[in-house]
Structure formats: C-alpha cells, structure tokens
*Asks:* 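This is the structure I want to talk about, given as structure tokens.
First the proteins, then the strands, lettered A, B, ... as listed; each starts at 1. None of these values were measured; they are calculated from a predicted model. All values below were derived from every heavy atom in this structure, side-chain atoms included, with hydrogens, water molecules and symmetry-related copies excluded.
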Amino acid sequence: MSAAAIVVLLLWPGIHFVLCKTKGVNPWKLGGWAMYVVRSPAVNVRVRVEPPGLGRMGEACERERQKFLVRRNSVGSFARPDALARCLRQPSEPGNNRTVFVDVAERVFDGDSRTFAVKMTSYSY
Amino acid sequence: MYMGIASSRHRLVDSLTGFAPWLLGRTGIEDGRLASIRAYLLVRALLFVLAFDAAKQFLRRGHTVGAILCGASLLFGLAIRTKKSLRPAATLACAAIATTFVVVTFPTTANHGYATWLLCVTALWIQRLKGQDRMAGLALARWLAAIIMFWSGAQKLLHGTYDHGEFLASQIAVHAQRFAGPLSVVISEADLAHLVESQAGSGTFEFTSWQALSLSRAIPIAELLLGVGLLFGTTRLAAAWVAALFVLAIQLVAGEITFAMVMLGVLSTFYPARQMAAISDVITLVFIVAAALALSPIGVDAIN
C-alpha cells in the first residue's frame, strides 16, 4: 500500500501540470507542488442579462458569485457558474425570464510574451 | 495458452512485489522502533502547525470549526508531550484534525495543508503497523520530502517561468520593497528600473543580467537535484540538510513560514533521531509563538 501511495504521489504532479495548462487549474493549489511558478491567477466575474434587467442581484446570488470566484481561482474551468446562473434566474432576481451571461476574466501569465494577459470565458444560460 | 497467461500474470506479480521493496528502500532502512519514534516526533510538531492554521482560519472567517480545531490541536499537542499513553489518541486526533482541515478548506487548501495531512495520516499508519513494517510508513513520509523537492523544481522547468527570470521578475515588480533588497546583489539597476516601470502595466517581466538569469535558472535545477539526492545513501543526509537550508532561505524571503516548517519537519525524518527531536521542539516553539500572535490583538496578517 505504501508503494502504491508513493507511485500516486510521484505521478500526480505531472497530471497537475497538464491540468494547469489545459484547464487553468491554479498551480498553487491541489498539491502539485507548483508554488512559486507563477503569481496566483486573479479572477473576476461579471454578470449581465439580456434583455437588460432591472435591479441588482440579491445577497444569496452575491454569495454564489463569491463561492464561484473562490472555486474558479483554485480549480480553473472545472468550476462552472451553474449555481450562480440558477440563483439569478429565480423569480426575485434580475435574470428571471431572461438570458443570463456570466463573463469570467482571468489574468494569467503568458510565457511567450512575458506579460500578463486577460483570458475571457463567457457562459450563457 | 492458459499456461502462458498464468505465467505472464505470475511474472507481473513477481515484478511488482520486487518493485515495492526497492521503492521503499530508496529512502534508507532503519529499525522499526525508530520509525515509531520519528512518527511521534512528527506528530508532536504538526499538532502545533495545525493549531496555527486553525487559528488563522478562525480569525479570518470567524468559523466555529476553526476555533474547535485550534483548541483540539493545542490540547493534544500538550497532551502528547506529557503522557506516553496519550500518544495513540493524539496521533489519531492529529490525523482527524488534518483531514477535517483539508475537507473544510478544499479546493482552496494550501499545499502545506496537503503535506501536513499526508504526514499526519502516515504517522497514524506507522503507529498501527508492527515491528519492521513501520519502515514502510516512514518510507512514505521520506518519499514525500523527495517528491516535493523534485517536483518543485520540475514544475518550474515545465512551466518555463524561470528560464528568463519571469516569476522572480514579476514578484520583484509587485513586491519591490520585500524582494529588491535581498536580491539586489544579483539584479542590475537597469533590470530593477525596468521592473518597477513594468509594474504599472502588464510587463514585460524578465531579467537581462547574467547574474540574475543564473540565479533564476539555478533554483529549479537545485531543487530537482536535492530531491534526487534524498534517494541515494551517499548523498541522502547532505541533501536533507542542504534542502532544509534551501527551503528556509526561500521561504524567509517569501515570508511563508508555515510551509518552511512543515518541510523542515519532513526533511528531519532523515536526520539522526536526536537532531530530529530538537527540530521538532523548534517547530513546536515557532508555532506556539505564531498561534499566540495570530490570536493576539497584533493581528492575523503578522504571520503567514
């Protein structure tokens, strides 16, 4: 069992690297030992509805937005804003009977240009 | 055909059963009783690491769970030192607290949290094993040290952010006051001026002076070699000491004491038992002070 655990621990960081590159997983998280490789990515989320709605999102949806931000910052595109969108489509929220768009802006380091770039991903519900 | 399949299966089993002892033996063989002592020395330090982490979580989020974990860690941390009969309970508590910590904080768990959890669970496992089998558990703990060192370096090489000093340059640009001082011996004035200017925008972040580039390229290679060095008898002890100094130096510059102490703890499993005991005491003291500071009016952010 000890040998099996060692093999898993040996292989996981390699898998972690692939997930960082393909799914935007934060190198500082999930035990890949990739700390001090890049600055921890900065994530921001913008919500909009079509046609434009009235009012601001309620406290419950704001909490969902924060939860999504935290998860996205750790596990990259494995985290989807589905729960946030569901909250926004509730009767009392601005997304009710409208199309909800969640725009995710992630500031990542581009090794080729050696600058920080913003990567945008949009979800529609 | 049936005989052929059976013999190939036997060959597979033979190769696996031969591979496992080879793997476990790579980090050195000791008496099983010493492995048990090492597990105890690890746990008695890690309980205070957990107490500090829980204190920070409690203060930052006001969670009751954090307060309970902090209190439990401190209680068992003191108990394990007072009565030998309490060691099994304290070791179980260490593993339970560390597991709870990872579950509650996932997926934002810091890497030192995973390292602490793995060590606590391994220590519990060592305690449950008998005789020389305990070496299998100690081997896992030692392999963790080698894996962390090796992959820290390998990840830096794979991500390619040390080839032109990209990461260090971006850190200096953002935290100029913290990093520029210690690194001013290798970073040219021109590089520093460029980085301060780049801070206002999005880049570019790189070094041009050979001294800074050499330092940046040497770091991942050193980590990789130190990780490999832990796996060979002739280099093991030296690699363990150099790795400890290396990690401490980097973490002091970065201001990250927790990971430094956890790594020191796991690297100390390679040292003679008396030295490991002394290091266990040092880690305990550091985190008693850190936990006290975290809980005091001085504030959470004084220690990280």
*Asks:* With a 4.5 angstrom heavy-atom cut-off, is it the side chain or the backbone of B/E223 that approaches chain A, or both, or neither?
*Replies:* neither
*Asks:* May I ask you to decide if A/L10's main-chain N or O and B/W151's side chain share a donor-acceptor pair within less than 3.5 Å?
*Replies:* yes
*Asks:* Does any backbone or side-chain atom of B/F150 lie under 4.5 Å from a heavy atom of chain A? Answer side chain, backbone, both or neither.
*Replies:* neither
*Asks:* Is there a donor-acceptor pair closer than 3.5 Å between any side-chain N or O of B/Q155 and the backbone N or O of A/V37?
*Replies:* no
*Asks:* Sort A/V75 into side chain, backbone, both or neither according to what part of it lies under 4.5 angstrom from a heavy atom of chain B.
*Replies:* side chain
*Asks:* May I ask you to name which of A/A5, A/G14, A/A79 has the most heavy-atom pairs under 4.5 Å with chain B?
*Replies:* A/G14
*Asks:* Can you tell me how far apart CG (B/L140) and CG (A/L9) are? Round to the nearest 0.5 Å.
*Replies:* 6.5 Å
*Asks:* Check each atom of B/L118 against the heavy atoms of chain A and say whether the ones under 4.5 Å are side chain, backbone, both or neither.
*Replies:* side chain
*Asks:* Considering only heavy atoms from C-beta outward, does the side chain of B/L144 approach that of A/W33 to under 4.5 Å?
*Replies:* yes
*Asks:* So do B/F106 and A/L30 actually touch side chain to side chain, heavy atoms under 4.5 Å?
*Replies:* yes
*Asks:* I'd like to know which of B/G153, B/S170, B/P107 tops the heavy-atom pair count under 4.5 Å against chain A.
*Replies:* B/P107
*Asks:* Can you say whether B/A115 sits under 4.5 Å from chain A via the side chain, the backbone, both, or neither, judging by heavy atoms?
*Replies:* both
*Asks:* What do you reckon, are the aromatic ring centroids of B/F167 and A/F109 less than 6.0 Å apart?
*Replies:* no
*Asks:* With rounding to the nearest 0.5 angstrom, report the CD to CG distance, B/E166 to A/D110.
*Replies:* 10.0 Å
*Asks:* Counting C-beta onward and ignoring hydrogens, is there a side-chain heavy-atom pair between B/T161 and A/Y36 closer than 4.5 Å?
*Replies:* no
*Asks:* Return the CD1 to CE distance between B/I250 and A/M35, rounded to the nearest 0.5 Å.
*Replies:* 10.0 Å
*Asks:* Roughly how far apart are B/T108 OG1 and A/N73 CG, rounded to 0.5 Å?
*Replies:* 9.0 Å
